[in-house]
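In what follows, every heavy atom counts, from backbone to side chain, and hydrogens, waters and symmetry copies are set aside. Reminder, nothing fancy here: chain letters follow the sequence lines and each chain counts from 1. Keep in mind that this is a model prediction, so the values were computed, not measured.
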Number of protein chains: 2
Amino acid sequence: MLVTNIGRVTPIRKAERTRERLAEHALDLFETQGYEATTVAQIAAAAGVTEMTFFRHFRTKEAVVLTDPYDPVIAAGIRRRPLDEPPLHRAVRGLRETFAQLPEPDVDMVRRRVRLIARTPVLRAAVTRHNDVTESAIADALAGPEEDALAARVSAAVVLAALTVGLYAWAEHAEGSLGEFIERALAVLEPDHA
Amino acid sequence: MLVTNIGRVTPIRKAERTRERLAEHALDLFETQGYEATTVAQIAAAAGVTEMTFFRHFRTKEAVVLTDPYDPVIAAGIRRRPLDEPPLHRAVRGLRETFAQLPEPDVDMVRRRVRLIARTPVLRAAVTRHNDVTESAIADALAGPEEDALAARVSAAVVLAALTVGLYAWAEHAEGSLGEFIERALAVLEPDHA
DNA sequence: CGTCCAATGTTAGTCACTAACATTCGGTTG
DNA sequence: CAACCGAATGTTAGTGACTAACATTGGACG
């Protein structure tokens, strides 16, 4: 029972390939025609597949572009900061340390995706919606026993906002690493940083 | 020609009444059934009107709840701050002054609306989308001649994020004025404020 | 080689939203 | 006051994102 499905590699791979094909064609079409002008039917057709199949692989049209690989790690990084710092500083420094350890992404695809998002209002809004859960996680990580809940939520929101702006700016500018842009964005919140 | 339409009061009033009826019934339905579970057809029916008429008065379903009366004033307030302050301080202080002069809103309706928004992810996202233009306006107001553009954008984003959190917190808490909540939210960004 | 299940297809429907055209209703004007 | 005109609303038909129920294929495994 435990090992039964080990050999069954191909069907899984097939689904993954379809998924990737969909994502690639989607990105291409979005970039050439614009996100809203592109129809799910078009993407599906380009990938040689039905509309239905598209929605089997991605719950929404947005989901083809939106992958948040970092979100889970962030809150953990913040918890590691000492509790005696004010919430905003804990958030900023926690984020900084987290991203310092993360590897730079495969610049090609990620940058195309982020740039598309940065230029498409609906997608930016979708990112915000996704960030809501991360924001809550950060706020929880910040909220000490007798801590000001409002301050925690503001700090969380503000740090994520800065991070997002840095990310978008990086995607547009083509010179400079993600790390640099994030660092510059966070520095605005903590100017007195050695 | 200039004065011709002065007497034509009733048709305009009629449209306004319809609009208000739609908004009221929409809010009621949203609060009882939830935003997404409520259909535009239901709202229209409740207001004794066709779906089509709904969309004549509100461009989208979201628009019934989203009215941003403050957005235009904000950037102007920031421009009044001296240019030698760092962008984040200009933004925070500009906002603070702007809201200090603004009247407290009719607490009833506004609070219901904001609370609904705060609790509905799609609506929060929509607010963010709306804020994009305000954010650009603030960023422009902050960007001095040789100023750091990234810092300006981060400051704008961050200040709006704080403001929004304050607004949502106010809508949920029922004790305390809007001004207090906004002040507490902004204070997180500028702890060393006399 | 036939079985089984993942992967995909088909059909039919809901809901937000758009466009083109038809209608009502009330105040203005002759 | 009656014909008129335009704002306000209705009707119809369609698109696009998404869902649900059911049918089909195709390849790995026994």
Side-chain angles (χ1 to χ4, degrees), chain A residues 1-23 25-26 29-30 33-66 120-123 125-126 129-130, chain B residues 1-23 25-27 29-30 33-66 116 120-123 125-126 129-130:
Chain A
M1 198 68 134
L2 240 170
V3 228
T4 305
N5 284 14
I6 277 215
R8 191 177 310 246
V9 201
T10 314
I12 299 179
R13 287 238 179 97
K14 187 186 181 187
E16 266 174 19
R17 274 204 311 267
T18 309
R19 189 188 163 89
E20 280 171 21
R21 246 167 37 226
L22 282 167
H25 286 287
L29 288 169
F30 289 162
Q33 311 183 349
Y35 174 80
E36 321 221 25
T38 302
T39 216
V40 171
Q42 290 176 16
I43 303 174
V49 129
T50 311
E51 222 184 308
M52 194 61 245
T53 299
F54 175 93
F55 286 109
R56 286 227 179 73
H57 288 278
F58 303 97
R59 282 184 52 199
T60 66
K61 185 184 170 185
E62 307 164 346
V64 201
V65 200
L66 302 182
T120 311
V122 209
L123 291 177
R129 215 172 49 222
H130 279 236
Chain B
M1 197 69 135
L2 241 169
V3 230
T4 305
N5 282 18
I6 279 216
R8 189 179 310 249
V9 201
T10 315
I12 298 181
R13 286 236 180 97
K14 187 186 181 189
E16 266 175 18
R17 276 203 310 268
T18 310
R19 188 189 164 89
E20 280 171 19
R21 248 169 34 226
L22 281 168
H25 287 286
L27 193 51
L29 288 169
F30 289 162
Q33 312 182 351
Y35 174 79
E36 321 219 27
T38 303
T39 214
V40 171
Q42 290 177 15
I43 304 173
V49 127
T50 312
E51 222 184 308
M52 195 61 244
T53 299
F54 175 93
F55 286 109
R56 286 228 179 71
H57 288 279
F58 303 96
R59 281 184 52 197
T60 66
K61 185 182 170 187
E62 307 164 347
V64 201
V65 199
L66 301 182
L116 178 69
T120 310
V122 209
L123 290 178
R129 217 171 47 222
H130 279 234

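- Residues satisfying the ring-ring contact (aromatic ring centres under 6.0 Å, His included) test with A:F55, not counting sequence neighbours, are none.
- Applying the salt bridge (charged side-chain N to carboxylate O under 4.0 Å, His left out) test to every pair with at least one member in residues 46-66 of chain A, sequence neighbours left out, gives these pairs: A:E62-A:R129.
- Separating the CZ atom of B:R19 from the P atom of D:dA7 is a distance of 17 Å, rounded to the nearest angstrom.
- When the P atom of C:dC17 is taken as reference, atom CD of B:Q42 falls 15 Å away, rounded to whole Å.
- With sequence neighbours left out, the salt bridge (charged side-chain N to carboxylate O under 4.0 Å, His left out) criterion links A:R19 to no other residue.
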Response to the item:
Readout for nucleotides 9-22 of chain D: B = base within 4.0 Å of protein heavy atom, S = sugar-phosphate only, - = neither; 5' to 3' it is BBB----SSBSB--

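- The CD-C1' distance, from B:E16 to C:dG26, rounds to 17 Å in whole Å.
- For B:T38, the side chain to side chain donor-acceptor pair (under 3.5 Å) partners two or more places apart in sequence, or in a different chain, are B:Q33.
- Residues forming a ring-ring contact (aromatic ring centres under 6.0 Å, His included) with B:F58 (at least two apart in sequence, or on another chain): B:F54.
- Going from atom CZ of A:F58 over to atom P of C:dA7 covers 14 Å, rounded to whole Å.
- Considering all non-hydrogen atoms of both residues, A:A44 and A:L22 come closest at CA-CD2, 4.1 Å.
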